[in-house]
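Computed from a predicted structure; not experimentally measured.
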Amino acid sequence: MIPSDEEILRAIVALGDDGFVPRHQIVARFRGQGERDMRRAITRTARRGLLLDRKDPAGRSFLAVSSEGWEALRSGVFEPRRMRAGSE
C-alpha cells in the first residue's frame, strides 16, 4: 500500500520542518516502496494541495508542507484513501 498523505507530510516535517526537502530524501524514508508508488503518493498529496513541489534550475525536485498541509496535520483531518476498483 502506498504511503498516506499524513505519512508523506510527517516525513517532510521530520526532515526539514517548515523548509524544502530534496524529494530523494523523502523517497529514501520509505524503503520498500517502489519508485512508481512513491511518485504516485507524492503527486496525489500535491494535487490535494497539502504539499509544494518545486524544481531548481538543475531539475531536482524539492518538497515542503503547504499551509493547507500544516492545517491538516494540526487538525488530524485527511481525505480518506480511495481504493481502486477490484481491490476489495
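One finds the CE atom of M38 at 8.0 Å from the CZ atom of R23 (value rounded to the nearest 0.5 Å). Atom CD in E7 sits 10.0 Å away from atom CD1 in I2 (nearest 0.5 Å). Atom CD of residue E68 and atom CG of residue L9 lie 11.0 Å apart, to the nearest 0.5 angstrom. Note: D18 CG to S67 OG = 12.0 Å, rounded to the nearest 0.5 Å.
When side chains are defined from C-beta on, V13 counts as touching V65, because their heavy atoms get closer than 4.5 Å.
Pairing each heavy atom of G49 with each of S66, the nearest pair is O-OG, 2.6 Å. Of all non-hydrogen atoms in G19 and A64, the two that sit nearest each other are O-CB, 3.6 Å. Contact detail for L51 and I42: the closest heavy-atom pair is CD2-O, 4.3 Å. D17 approaches W70 most closely through the heavy-atom pair O-CZ2, 3.6 Å. When all heavy atoms are compared, the tightest approach of R44 to P3 is NH2-O, 2.7 Å.
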Working for side chain to side chain contact (heavy atoms under 4.5 Å, CB included), residues Q33 and V27 = CA-CA 8 Å; Q33 293 291 327; V27 173; over 6 Å; no

Start with the C-alpha gap between R36 and R39, add the side-chain angles, then the distance that decides, and say whether side chain to side chain contact (heavy atoms under 4.5 Å, CB included) holds.
-> CA-CA 5 Å; R36 183 177 180 199; R39 190 171 35 244; 3.9 Å; yes

For F20 and I12, run side chain to side chain contact (heavy atoms under 4.5 Å, CB included): C-alpha distance rounded to whole Å, both residues' side-chain angles, the deciding distance at 0.1 Å, then the answer.
-> CA-CA 8 Å; F20 280 87; I12 293 169; over 6 Å; no

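Residues forming a salt bridge (charged side-chain N to carboxylate O under 4.0 Å, His left out) with E6 (at least two apart in sequence, or on another chain): R10.
In terms of hydrophobic clustering, with Ile, Leu, Val, Met, Phe, Trp and Tyr side chains grouped at heavy-atom distances under 4.5 Å, F30 and F62 are assigned to different clusters.
A side chain to side chain contact (heavy atoms under 4.5 Å, CB included) with L63 is found for exactly one of I26, L15, I8, namely I26.
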